[in-house]
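Take a look at the following structure, please.
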Amino acid sequence: MCGIVGYIGPKNAYPIIINGLKRLEYRGYDSAGIALIDKEISVFKKKGKVSDLEEFVSDKNTAGTIGIGHTRWATHGEPNDVNAHPHVSMKGEFVVIHNGIIENYSRLKKRLEDRGYVFQSETDTEVLANLIEYIYSFSNVSAEIAVRLALSKVIGAYGILVICRHEQDKIIAARKGSPLVIGIGEGEYFFASDATPIVEHTKSVIYLNDNDVAIVTKDELSLKTIHNVQVNPKVQKLSLDIGEIEKGGYDHFMLKEIFEQPKSILDTFRGRVALDRKSIHLGGLHDVFDRITHAKRIIIIGCGTSWHAGLVGEYLFEDLARIPVEVEYASEFRYRNPVIFPDDVIISISQSGETADTLAAIKLAKEAGALVLGVCNVVGSSIPRETHAGVYTHAGPEIGVASTKAFTAQVTVLAMMATSMGFKRGVLSQEDYEKLIEELYNIPPKIEEILSFNEEFKRIAELYKDATNFLYLGRGYLFPVALEGALKLKEISYIHAEGYPAAEMKHGPIALIDQHMPVVVIATKDKSYEKIVSNIQEVKARKGIVIAIVNKGDTIIRDLADHVLEIPESHEALAPLLTVVPLQLLSYYIAVFRGCNVDQPRNLAKSVTVE
Ligand code: G6P
């Protein structure tokens, strides 16, 4: 969370930084700020969005060819102008922007206060700015040394950019735990939390590693560790395309990303399913494939939507490969002294590859000697670098805060893994194996078909836009889909929604049902179809409103439900990939009808780099 951007070179830094901040706004939008060097350092910051900052500076001097900018997701201190970044040290020597959390900030703050420092904000970042300044003035060292010494006293996570009033030719960048990328241009450098603000300027980038410090002038980049050991920068080429990070004619990124799913799922298959569609090869797992197919247990960890994909994974691995699976919230797993055996296989799932709890859980599992895999979307992010092996989802950049295409890509990867492992273990015959691959291949055109019913989802959304509660029910493979449907609705429309296994309804949620309660039932044909028909009858007996997701031609549920949304049939194990799509669209349109900010829902951020 929090996005940071910087520029040093011959051009005016302001438009480059503002555009970059807009690209990173998904990381937080509580406040935005910028610092520009034009002989003096000017700092402008404002509560609210980047557009509020733009309006605020519209009559100010924004000259300067060096600058840093920040968009904030508040952790320490409420969202207001004072707590907004950049933070200026007490004597005005240093200006800092920061993504992450300095855990020992209160102890450091107390020590600085004892030495006469006075603080303006409630943030941990201002403590860092003052600590750097204190070391700089007290020890009479260069800005770079002051930054490195200050960072050696810090416990926590940071991606920072620092500028110094007395060394105006450089930006100092450092990273530990929070991501930072440097783009290399001709006589210019770009800095950002991820590559999206950089790709329109250059495709050559360096991803900083933990404990790296970069000292960058417009002509030169020097990379070292915080302990002053020189590091050779590893320059990589971005494969990202600018069109992938623009709305492309859609009203919102979320809608674009929902509609991209037929393509994003194909991209997930690409190069992994043989052309004759008779085998799956996951290159990233090649070296560990034997070990994972013989795993006695798989533990899947993730947060939010990625955790829901993990739940689908549990059904897939147990059903198709007969390997026992546990699915854990990364945040619970890491703090509850879990039992991890060296022969366990851990699958960490994360769209961003940066989620702090997931990263911490990975470290714990590695320490216990387990094999840790990553299923991530953002190439070059932290989780793929921390794990032993893994599979990129290749869904392309997901910018809407509510995850959609990343979920279906994650489930696709898990389905490919479970299918190939099931075959290797002899659970699936050659015929089952090829049939599943064929079924997987049929998913994208089936999603196309579902998307063509868009107007119908919109019509139903309008009918229920004013509901105050929703219940989502599903069984088996469709239970995680019920959870995901409820999460999508809560996140973007602020309607209270709960997902439940349909059979559990009678143990509690049934008490909530009356004529005002819309109940979304995911009831495609599978082995529990008849049971879910009974659950629908139980809802109707209490006058609940049933919106059912059914297979085409289903007449039984059509007679019972208030509304049916028809989707094509699929293999039971792949039904989550289809059934989730109407739920994404239902939530999307309800949020739009309620006038909510779909892409940037309140209080949320896409990349959760705090614990
Ligand atoms: C945030 C996002 C969710 C996401 C979750 C986990 O809450 O808003 O969309 O599912 O983080 O993020 P990850 O990047 O690890 O999948």
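As the structure is a prediction and not an experimental result, all values here were calculated from the model. Ligands are counted one by one from 1 in listed order, and the atoms in each one are counted from 1 as well. We're numbering straight along the sequence, starting at 1.
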With a 3.5 Å cut-off and no angle check, do the side chains of Gln351 and Ser403 form a donor-acceptor pair?
-> no
Shortest protein heavy-atom distance from atom 6 (C) of ligand 1, along with the residue and atom involved | Cys303 O, 3.3 Å
Under 4.0 Å from any heavy atom of Ser350, which atoms of ligand 1 are there?
-> 13 (P), 14 (O), 15 (O), 16 (O)
Could you find the nearest protein heavy atom to atom 8 (O) of ligand 1 and give me its residue, atom name and distance?
-> Ala605 O, 3.2 Å
Is there a salt bridge (charged side-chain N to carboxylate O under 4.0 Å, His left out) between Lys458 and Glu462 once you walk through the steps?
-> CA-CA 6 Å; Lys458 194 169 174 180; Glu462 190 165 19; over 6 Å; no
Sub-4.0 Å atoms of ligand 1 with respect to non-hydrogen atoms of Ser306 = 10 (O), 13 (P), 16 (O)
Atom 10 (O) of ligand 1: the protein heavy-atom neighbour that sits closest, reported with distance to 0.1 Å | Thr305 N, 3.0 Å
Give the atoms of ligand 1, by number and element, whose distance to some non-hydrogen atom of Val401 is under 4.0 Å.
-> 8 (O), 9 (O)
Heavy atoms, side chains only, cut-off 4.5 Å: are Ile492 and Lys488 in contact?
-> no
Check whether any side-chain heavy atom of Glu326 sits under 4.5 Å from a side-chain heavy atom of Pro338, and report yes or no.
-> no
Looking only at protein heavy atoms, what sits closest to atom 7 (O) of ligand 1 is Val608 CG2, 4.0 Å
Go through Gln584 and Thr404 one step at a time and tell me if the side chain to side chain donor-acceptor pair (under 3.5 Å) criterion holds.
-> CA-CA 7 Å; Gln584 294 168 343; Thr404 52; 5.0 Å; no
Shortest protein heavy-atom distance from atom 12 (O) of ligand 1, along with the residue and atom involved | Thr355 OG1, 3.4 Å
Give the ring-plane orientation class for His87 versus His85, where under 30° counts as parallel, over 60° as perpendicular and anything between as tilted.
-> perpendicular
Numbered atoms and elements of ligand 1 in range of Ser403, under 4.0 angstrom, heavy atoms | 9 (O)
Between His394 and Tyr392, how do the two ring planes meet: parallel, tilted or perpendicular, split at 30° and 60°?
-> tilted
